[in-house]
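Everything on this sheet refers to the single structure shown next.
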Amino acid sequence: MSGSHASIHDFDSEIDRTGTASLKYDARHSMFGETDVIPLWVADMDFAAPPAVPRALSRRAAHPVYGYTIYPDGLYESLADWLKQRHDWKIHRDWVMMCPGVVPSLHASIMAFTEPGEQVVVQPPVYFPFFSAVTSTGRQLAHNPLRLRNCRYGIDFDHLEQCAEGARLLLLCSPHNPVGRVWSRQELERILQVAERHDLTIFSDEIHADLAYPGNQHQVLSMLAEAAGNRVNVITAVAPSKTFNIPGLNLSVLVVPDPESRKKLTGVFDTMHVSASNPFSIVAFEAAYREGEAWLDELLIYLQKTRDFVAGYLSAHLPEIRFIEPEGTYLIWLDCRALMTASGMDDVQLRHFFVHEARVGMSPGTLFGEAGSGFMRMNIGAPRHIIEAALENIRKALSSSKLRTAPV
């Protein structure tokens, strides 16, 4: 793993990403109709990756042949070492399936474990490919909406039980995007109990597992199932992409303990004729897991301070926007319903206000399902002064507009 924690990584420096074909920056006009917006939408960070990653990429790029590539032993070892050290999860090599990203893995799992027309449970508001992966493969959505109480989301287990009766698969987001929950052991054990009663397979998207804030402990669902002697088939998605800010390299992992499930998934991937064996994604994956730990530890401290700064700013200057404290991820789910009520705005007008008046580009809550109406998702994975500037823009836009027409 990582060595000395002597160097301090710089998360305050602004890195110009324009002109790099960055989705977050160079697609602003197509996304928002404006280029002059602070982009806090798509879930990648504006921080340089851990230094070991560009070093490894440079070394590989220096070799002038970029041919077909196998997965080296070191790749599997780096993953196993990381999961054991950070999550106390001991995996076996034959459980590991390399995949070209989590979203293709999501589609493959739906196709492997359900038939067209069968129901798949999702828990909105949730990462929007969860919906499209179900509908585009001809399956039916069973919505089990999360419940918001006292600024904290939870699972409606009674309703989940009803949904599970007619379903074959549950898509779990853990930690949860966009609401930022790090599910407790008790909550996850209850999910496993429901799944066991109804013979549900669970696809557990745990790509934000390394991004839990102090005081919150990510629980690996597959470990809990094994410890309880639970018979639930758990498919776990993990990746270095969110942890180390390398999502554009498109290499993720499915950890699948059950051999029959691996066989089904392999059959689906074979029909897609997709390969994840890109020589650059492989070396970046291994370098990040082997040498990125000190960087990650500093990142988590930085993100926590930014999260707390946003909470304080909203409380002091923007009481119309309610802070839903994330327990993990670098995403903040902003409750703007009081602002909408005070101003008479709908979701379209809310988005227009943030983009065209405040010049801040966030992801509208409606992308994450009907339960996201009245919310916006803010990505705080940027230098803190950028986040402060965005909040200042919102404050000034509200002060100069006619939106503050009623007390909050």
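It should be emphasised that the depicted structure is a prediction, and the values quoted were computed from it without experimental measurement.
Between Glu189 and Gln219, the closest side-chain pair of non-hydrogen atoms is not below 4.5 Å. No side-chain heavy atom of Asn379 sits less than 4.5 Å from a side-chain heavy atom of Val42. With a 4.5 Å cut-off on side-chain heavy atoms, Gln186 and Arg190 do not count as touching. When side chains are defined from C-beta on, Met340 does not count as touching Gln349, because their heavy atoms never get closer than 4.5 Å. The closest side-chain heavy-atom distance from His159 to His143 is not below 4.5 Å. Residues Met97 and Leu265 are in side-chain contact: their nearest non-hydrogen atoms beyond the backbone lie under 4.5 Å apart. Here the side chains of Leu106 and Asp205 are not in contact, with every heavy-atom distance at 4.5 Å or above. Val234 places a side-chain heavy atom less than 4.5 Å from the side chain of Leu192.
Side-chain atoms of Asp26 come within 3.5 Å of backbone N or O of Gly19 as a donor-acceptor pair. In this structure, Ser13 contributes its side chain and Asp10 its backbone to no donor-acceptor pair below 3.5 Å. A donor-acceptor pair under 3.5 Å links the side-chain atoms of Asn245 to the main chain of Phe47, judged by distance alone. With hydrogens and angles disregarded, a donor-acceptor distance shorter than 3.5 Å links the side chain of Ser105 to the backbone of Gly101. For the pair Ser204 (side chain) and Leu172 (backbone), a donor-acceptor distance under 3.5 Å is absent. Checking side-chain atoms of Arg139 against main-chain N and O of Thr137 turns up a donor-acceptor pair under 3.5 Å. Using a distance-only test at 3.5 Å, with no hydrogens or angles considered, a donor-acceptor pair links the side chain of Thr271 to the main chain of Val268. In this structure, His63 contributes its side chain and Arg59 its backbone to no donor-acceptor pair below 3.5 Å. Distance alone, capped at 3.5 Å, is enough to place a donor-acceptor pair between the Arg307 side chain and the Pro326 backbone. Looking at Asn144, its side chain does come within 3.5 Å of a backbone N or O of Asp156 through a donor-acceptor pair.
To the nearest 0.5 Å, the span separating CZ on Arg322 from CG on Leu339 amounts to 14.0 Å. From Asp346, atom CG reaches atom NE2 of His352 across 11.5 Å, with rounding to the nearest 0.5 Å. To the nearest 0.5 Å, atoms NE2 (His208) and OG1 (Thr329) are separated by 5.5 Å. One distance of note links CD1 of Ile110 with CZ of Arg168; it measures 12.5 Å at 0.5 Å rounding. One finds the CG atom of Leu318 at 6.0 Å from the CG atom of Leu398 (value rounded to the nearest 0.5 Å). Taking CD1 of Ile91 as the start and CG of Leu83 as the end, the distance is 5.0 Å to the nearest 0.5 Å.
Other residues, nucleotides and ligands place more than 12 heavy atoms under 6.0 Å from the CG atom of Asp94. Counted within 6.0 Å of CZ on Arg93, heavy atoms from surrounding residues, nucleotides or ligands total more than 12; the atom is thus considered enclosed. No more than 12 heavy atoms of other residues, nucleotides or ligands lie within 6.0 Å of CD in Glu370, so this atom counts as exposed by the packing criterion.
Side chains of Asp210 and His87: a donor on one and an acceptor on the other come within 3.5 Å. A donor-acceptor contact closer than 3.5 angstrom is absent between the side chains of Tyr25 and Asp16. A donor-acceptor pair shorter than 3.5 Å can be found between the side chains of Arg384 and Thr306. Judged purely by distance below 3.5 Å, without hydrogens or angles, the side chains of Asp347 and Thr366 never pair a donor atom with an acceptor atom. Side-chain contact annotation: His176 with Glu327, donor-acceptor N/O pair under 3.5 Å absent.
In terms of heavy-atom proximity, Ile324 sits nearest to Cys151 at CG2-O, 3.8 Å. Contact detail for Ala287 and Ala52: the closest heavy-atom pair is CB-O, 3.6 Å. Taking all atoms of both residues into account, the shortest heavy-atom contact from Ala61 to Tyr66 is O-OH, 2.6 Å. Closest of all the heavy-atom pairs between Ser363 and Leu367 is CB-CD1, 4.3 Å. Closest of all the heavy-atom pairs between Leu148 and Arg337 is CD2-NH2, 3.5 Å. Taking each heavy atom of Leu169 and Leu200 in turn, the nearest pair found is N-CD2, 3.3 Å.
Salt bridge annotation for Asp258-Arg262: absent, with no cationic side-chain nitrogen under 4.0 angstrom from a carboxylate oxygen. Classification of Arg290 and Glu77 as a salt-bridged pair holds, one side-chain N sitting under 4.0 Å from a carboxylate O. A salt bridge between Arg395 and Glu392 is present, with a side-chain N of the basic residue lying under 4.0 Å from a carboxylate O of the acidic one.
For residues 220-232, the pairs satisfying side-chain hydrogen bond (donor to acceptor under 3.5 Å, both in side chains) are Glu196-Asn230, with sequence neighbours left out. For residues 42-52, every residue pair satisfying the salt bridge (Lys or Arg N to Asp or Glu O under 4.0 Å) rule, not counting sequence neighbours, is listed here: Arg17-Asp44, Arg17-Asp46, Lys24-Asp44, Lys24-Asp46.
Using bins of under 30°, 30° to 60° and over 60° for the plane-to-plane angle, the ring pair His92/Trp95 lands in the perpendicular bin. Ring orientation note: the planes of Phe130 and Tyr127 are nearly perpendicular, at an angle over 60° on the 30°/60° scale. Note on ring orientation: taking the six-membered ring where Trp is involved, the planes of Trp295 and Phe244 are tilted (angle from 30° to 60°). Ring-plane geometry between Phe11 and Tyr302 is classed as tilted, the angle between the planes lying from 30 to 60 degrees on a 0 to 90 degree scale.
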### Task
Go through the steps to decide whether Trp41 and Phe32 satisfy the test ring pair (Phe, Tyr, Trp, His ring centres under 6.0 Å), and finish with yes or no.
CA-CA 10 Å; Trp41 60 299; Phe32 301 110; 5.5 Å; yes

### Message
Go through it in stages, so that I can follow the logic: the residues are Asn278 and Leu249, the test is side chain to side chain contact (heavy atoms under 4.5 Å, CB included), and I'd like the CA-CA distance, side-chain angles, deciding distance and then a yes or no.
### Response
CA-CA 8 Å; Asn278 178 304; Leu249 292 173; 5.8 Å; no

### Task
Show your reasoning for whether side chain to side chain contact (heavy atoms under 4.5 Å, CB included) applies to Leu254 and Phe269.
CA-CA 12 Å; Leu254 290 181; Phe269 278 119; 4.3 Å; yes

#### Entry: Verdict with supporting geometry, Leu391 and Met378, side chain to side chain contact (heavy atoms under 4.5 Å, CB included)
CA-CA 11 Å; Leu391 292 170; Met378 172 185 279; 4.0 Å; yes

### Message
Walk me through whether Arg181 and Cys173 qualify under side chain to side chain contact (heavy atoms under 4.5 Å, CB included).
### Response
CA-CA 9 Å; Arg181 273 302 314 279; Cys173 198; over 6 Å; no

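When each of Phe285, Trp89, Tyr289 is tested with Trp82 by the rule ring-ring contact (aromatic ring centres under 6.0 Å, His included), just one qualifies, namely Tyr289. Considering Asp335, Ile394, Val310 as possible partners of Ile321, the one that fulfils the side-chain contact (heavy atoms from CB on, under 4.5 Å) test is Ile394. The residue from Thr114, Asn233, Val120, Leu170 that alone fulfils the side-chain contact (heavy atoms from CB on, under 4.5 Å) condition with Thr201 is Asn233.
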